[in-house]
Number of protein chains: 2
Amino acid sequence: MSEQVTILDGVAVARNMRSELQTRVEELAKQGITPCLATILVGDDPASATYVRMKGNACERLGIRSKRVTLPSATTTEELLRVIGELNDDPLVHGILLQHPVPEHIDEREAFERIKLGKDVDGVTTLGFGRTAFDLPSYAPCTPQAILSILDAYEVPLEGKHAVVIGRSPILGKPVSLMLLNRNATVTICHSKTQHLASIVKTADIVVAAVGKPRFVQGSWIKQGAVVLDAGYNPGNVGDVDYEACLPHVSAITPVPGGIGPVTIATLLRNTVHAAESELNR
Amino acid sequence: MSEQVTILDGVAVARNMRSELQTRVEELAKQGITPCLATILVGDDPASATYVRMKGNACERLGIRSKRVTLPSATTTEELLRVIGELNDDPLVHGILLQHPVPEHIDEREAFERIKLGKDVDGVTTLGFGRTAFDLPSYAPCTPQAILSILDAYEVPLEGKHAVVIGRSPILGKPVSLMLLNRNATVTICHSKTQHLASIVKTADIVVAAVGKPRFVQGSWIKQGAVVLDAGYNPGNVGDVDYEACLPHVSAITPVPGGIGPVTIATLLRNTVHAAESELNR
């Protein structure tokens with residue numbers, strides 16, 4: 001075991017974020033503004049319904065209004081686009097979250113793209129992605145932001161460090177890679193077609209696991225003293241990292257649950273509050 | 001020296017591209033369409049003027065109309081935006097190229113962003129970048145496209161290979177990294193803050209040099225049998241790679257000049273012809 005392992009406590013980081021947001025929500029209230037997140041749930045996938053409810057409740061606990069739009073499975077792309085257009089135009093709505101996945105017959109990409117940049121608090125548009133990649137103001141997706149927030153909260157140095165990201169999804173692997181790059185890390189992006197994955201991970205100072213496979217990252221893959229961030233959340237509250245096996249090798253690691261997850265939710269709230277604040281400057 | 005080194009002949013690749021484009025331009029002519037690239041040159045930087053002239057001439061040799069807009073150094077951001085807006089709206093203009101750099105007092109990013117996606121044949125918008133990153137239809141910047149075209153022309157396998165990109169500019173390092181990733185390469189992005197650069201490059205099956213430093217990449221950095229792409233073009237017709245020193249190690253390499261450069265120009269023409277063809281489907 002390393003001399004001392006830091007458990008990167010996402011619950012604590014999220015608590016600090018919420019406490020700071022509380023103050024900002026109160027400031028907004030003095031200006032007569034209640035931040036509002038609109039969530040759109042299409043169809044009746046129970047897991048999606050749970051996620052949306054969870055996010056809505058988290059909003060309300062902080063004094064953010066949650067406007068919950070629920071649409072039937074049979075909704076067409078055109079109908080969904082119209083709903084998004086209305087929310088774009090609604091001055092009382094500051095953020096829009098379209099819960100992924102939508103039913104198969106809907107063009108999800110087209111629906112995401114319809115969300116106005118300033119209300120894209122979930123970071124799903126290609127425009128927002130491009131702006132994040134170029135380090136311009138925009139809402140990056142919440143999980144990559146959460147990863148950076150945890151690294152920053154624990155003052156993990158990034159400049160010149162070798163970060164290996166396992167996974168290349170549009171809302172996690174790709175954006176977090178570019179965000180780490182913009183923070184001057186050297187970044188390697190790995191995925192299902194990567195050869196010699198274990199030996200590549202072994203060179204990493206920082207490992208981001210975003211594969212969606214339970215306990216995928218093995219202890220033997222980890223360089224002594226590396227920092228491991230587990231963005232996985234698999235059935236049975238299990239991450240993408242074999243936590244117990246990695247512990248002896250890491251200098252710091254996020255647990256699952258209680259790691260990146262809570263900070264991701266807090267980030268969604270922060271983006272929504274930020275969007276409401278931007279209202280003041282328009 | 002390797003058994004056999006393939007010199008990746010950009011002049012030949014570009015010739016093949018132009019010959020195919022010739023046919024497409026003739027097809028368009030039968031429909032009454034002449035592809036047109038509008039170039040915008042702001043100020044009187046002689047190098048920029050040369051580049052713009054070169055691109056315009058390359059267009060005209062292929063039967064693409066070149067509409068050359070020249071604006072004085074004192075042009076304001078607002079004036080430039082208005083010019084771009086007019087070109088966006090002009091049905092006879094299919095592609096718009098704003099020559100970089102513009103004078104310092106102009107907001108170059110805002111100007112780039114104003115270019116309509118369908119006319120962004122130089123691949124400078126953040127929207128286009130996001131779409132490229134997500135593997136959606138868009139014009140990636142011409143140099144990254146040229147790199148992929150050369151790799152494809154010589155049937156260099158990418159899937160599962162380790163590509164190391166040196167450089168992270170918005171029009172080269174970043175987009176080519178994501179394009180290689182979308183082709184299932186494992187990608188490492190290095191830059192000025194990277195530690196242990198030589199040893200990282202040494203692990204690469206494919207090296208893309210995009211640093212802008214003459215003869216920066218050393219022979220001793222190259223793994224035996226690697227493929228080296230030199231996107232540099234420094235004073236004295238020198239690339240970013242120490243070509244002679246790398247030759248004994250590589251299986252294939254682009255020369256400078258005669259490598260990526262000519263294919264980059266041909267790519268700009270191809271994008272413009274493609275944009276004109278898209279006209280037919282509107």
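These numbers come from the heavy atoms of this one structure, side chains and all, not from hydrogens, waters or symmetry mates. All chains are named by letter (A, B, ...) in the order of the sequence lines, taking the proteins before the strands, and each is independently numbered beginning at 1.
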Please flag which part of B:Ala185 lies under 4.5 Å from any non-hydrogen atom of chain A: side chain, backbone, both or neither. backbone
Highest number of heavy-atom pairs under 4.5 Å with chain A: which of B:Lys161, B:Glu113, B:Gln195? B:Gln195
So which of A:Thr194, A:Thr132, A:Asp135, A:Thr126 has the largest heavy-atom pair count under 4.5 angstrom toward chain B? A:Thr126
Select one option (side chain, backbone, both, neither) describing which atoms of B:Leu178 are under 4.5 Å from chain A's heavy atoms. side chain
Side chains of B:Glu110 and B:Thr77, donor plus acceptor under 3.5 Å: no
Test your reading of the model: is there a side-chain donor-acceptor pair from B:Asp107 to the backbone of B:Arg109, 3.5 Å cut-off? yes
Polar contact flag, side-chain donor to acceptor under 3.5 angstrom, B:Thr186-B:His162: no
Check whether any side-chain N or O of A:Glu79 sits under 3.5 Å from a backbone N or O of A:Thr76 as a donor-acceptor pair, and report yes or no. yes
Which one of B:Ile189, B:Val165, B:Thr203, B:Leu136 has the most heavy-atom pairs closer than 4.5 Å to chain A? B:Ile189
With no hydrogens and no angle check, do the side chains of A:Asp120 and A:Thr125 hold a donor and an acceptor under 3.5 Å apart? yes
Pairing donors with acceptors under 3.5 angstrom, does anything connect the side chains of B:Asn182 and A:Lys174? yes
With chain A, which of B:Gly128, B:Ala133, B:Ser138 has the greatest number of heavy-atom pairs at distances under 4.5 Å? B:Ala133
Engaged part of B:Arg131 at the chain A interface, taking heavy atoms whose separation is under 4.5 Å: both
